[in-house]
Amino acid sequence: MPVATAIAHPNIALCKYWGKRDLALNLPSVGSLSLTLAPFSTTTTVEWGAERDELVLNGQPGTAEEARKVFAVCDLVDSWRPRVRVTTQNDFPTAAGLASSSSAFAALVLAACAAAGEKRTLEQLSVMARRGSGSAARSIFGGWAEWALGERSDGMDSHAFEIAPVDHWDVRMLVVIFDAGPKGVSSRAGMLRTQETSPYYSAWVASAPRDLAEGRRAVKERDLNALGRVMERSALRMHASMMAADPPVLYWKSGSVWAQECVRGLRDQGVPCAWTMDAGPNVKVLVNAADAQTVADRLRCVADEVHILEPGGPARLVP
Ligand code: 2P0
């Protein structure tokens, strides 16, 4: 039976994706920019030919909704596919706002295509990963990746690409955890509610292209102060749009604000650093590698756990 195993790292967006212009194809309303992060990873094995479709996620049977999404992506690899067994393991907390779906679907498409003997370009893999989860389009690539908005109605030009390689810039991303539980509102539900009910959603979409252009330039120039301004602005504008939804989508907790204040305090003392937040209360902080330990020690005063992550490589097959 053909079997393949792939490993992928999650990514954290520096310029955010929030909102869909096409639900069925999972096409975004805005372009986004991210950093792929090691050593956190998802390892996924696909057996192409099994008695029945089966998903095992972190040692437990996947839920019906998880299985539906996983097998729908397998259908994209081959619509006449045999039944498959998918075994996937995250080495970091699932659903804690750490973008576990980004590494999960990137590893899945790579393993599934290899097990099926289907050759695909990185761009085609990124398109397939996007159908599973938008942020996964970016985790096909290592280092600094941009997910293009695209123009085509079939979505084939809405894929990620590398804007700078993994060794471009010696930074660290600190993941500041004070709440490791599953989130109350899924990203997908939160996005849909925002675009259907928030009066600020159109302003968010209109503001995103400028942030993306500035973010791309700051990454290329390795300008942490400029990138930090864009990161915080993009995160705040995204969260402002969702807070104004009806009912509101509010992921923030008191710890989120404490961590942000800690980052501002460090910056006032001359340590370049900037925060971002996703669909959960935990905070991520971008710093120069040389400052990572100092900043992590300071953040440990307001958090249960602080993980120091580094730029990670692309999704790859495990021999
Ligand atoms: C991002 N997030 O750019 C944004 C910022 C969360 C906040 O992508 O519906 O799991 O599967 O495409 O990718 C998380 O949402 O959403 C996400 P779907 P996804 O990283």
Side-chain angles (χ1 to χ4, degrees), residues 8-37 40 42 65-66 68-70 72-73 76 90 94-109 126-141 144-150 155 158-160 173 175 182-196 198 201 204-205 208 211-212 215 230-243 245 249-252 256 275-284 286:
H9 299 294
N11 68 78
I12 296 293
L14 312 170
C15 295
K16 301 298 190 186
Y17 147 57
W18 196 256
K20 300 174 195 286
R21 71 173 191 279
D22 184 308
L23 199 53
L25 294 174
N26 207 27
L27 292 171
S29 301
V30 297
S32 55
L33 180 69
S34 64
L35 178 59
T36 298
L37 293 163
F40 282 179
T42 300
E65 177 59 12
E66 287 161 348
R68 188 190 61 73
K69 286 167 79 173
V70 163
V73 167
L76 298 175
N90 290 328
T94 302
L98 297 179
S100 55
S101 64
S102 63
S103 46
F105 282 98
L108 174 67
V109 295
S126 178
V127 164
M128 277 195 271
R130 184 202 78 219
R131 296 280 296 270
S133 187
S135 53
R138 302 182 306 235
S139 273
I140 292 292
F141 295 88
W144 309 81
E146 179 174 336
W147 170 16
L149 177 58
S158 185
H159 55 72
M173 185 74 84
V175 178
K183 54 190 153 195
V185 181
S186 73
S187 307
R188 194 159 293 203
M191 282 187 211
L192 296 183
R193 195 190 296 168
T194 305
Q195 64 192 75
E196 281 162 9
S198 174
Y201 178 70
W204 152 253
V205 172
D211 287 347
L212 184 60
V230 176
M231 273 171 68
E232 295 189 0
R233 193 167 69 212
S234 174
L236 282 164
R237 287 177 174 173
M238 176 187 74
H239 281 280
S241 75
M242 59 177 105
M243 285 178 197
V249 181
L250 182 59
Y251 291 112
W252 292 37
S256 318
W275 62 267
T276 189
M277 272 177 69
D278 296 292
N282 297 316
V283 170
K284 294 94 181 184
L286 188 68

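Order of listing sets the numbers, starting from 1, for every ligand and every atom in it.
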- Query: With a 4.0 Å cut-off on heavy atoms, is Arg130 touching ligand 1?
  - Reply: no
- Message: Do His159 and Ile140 make a side-chain contact, defined as non-hydrogen atoms from C-beta onward lying under 4.5 Å apart?
- Response: no
- Task: Mark the output for Arg138 as yes if a heavy-atom distance to ligand 1 is under 4.0 Å, and as no if none is.
- Result: yes
- Item | Polar atom proximity, Met191 to ligand 1 (N or O, under 3.5 Å) | no
- Task: May I ask you to identify, for Asn26, whether its side chain, its backbone, both or neither come under 4.0 Å of ligand 1 on a heavy-atom basis?
- Result: side chain
- Message: Assess, by modelled atom type and distance only, whether the side chains of Thr42 and Ser103 contain a donor and an acceptor separated by less than 3.5 Å.
- Response: yes
- Taking non-hydrogen atoms only, is Met242 closer than 4.0 angstrom to ligand 1 via side chain, backbone, both or neither? neither
- Query: Looking at ligand 1, does any of its N/O atoms fall within less than 3.5 Å of an N/O of Lys69?
  - Reply: no
- Any heavy atom of Ser101 under 4.0 Å from ligand 1? The part involved is side chain
- For ligand 1, find out whether one of its N or O atoms is nearer than 3.5 Å to an N or O atom of Trp18. no
- Query: Which of the listed options, Ala189, Ala137, Ser187, Ser139, holds the heavy atom that is closest to atom 14 (C) of ligand 1?
  - Reply: Ser187
- Consider only side-chain N and O atoms of Trp18 and Ser241, and report whether a donor and an acceptor are under 3.5 Å apart. no
- Does the side chain of Leu23 come within less than 4.5 Å of Leu192's, by heavy atoms? yes
- Note on the structure: Note: ligand 1 atoms sitting under 4.0 Å from heavy atoms of Arg188 are 9 (O), 11 (O), 12 (O), 18 (P)
- Message: Under 4.0 Å, heavy-atom basis, I'd like to know which part of Ser135 is in contact with ligand 1: side chain, backbone, both or neither.
- Response: both
- Task: Report the C-alpha separation of Asp211 and Lys16 in whole Å, then their side-chain angles, then the decisive distance to 0.1 Å, and conclude whether the salt bridge (Lys or Arg N to Asp or Glu O under 4.0 Å) test is met.
- Result: CA-CA 9 Å; Asp211 287 347; Lys16 301 298 190 186; over 6 Å; no
- Query: For Arg68, what residues pass the salt bridge (Lys or Arg N to Asp or Glu O under 4.0 Å) criterion, not counting sequence neighbours?
  - Reply: Glu65
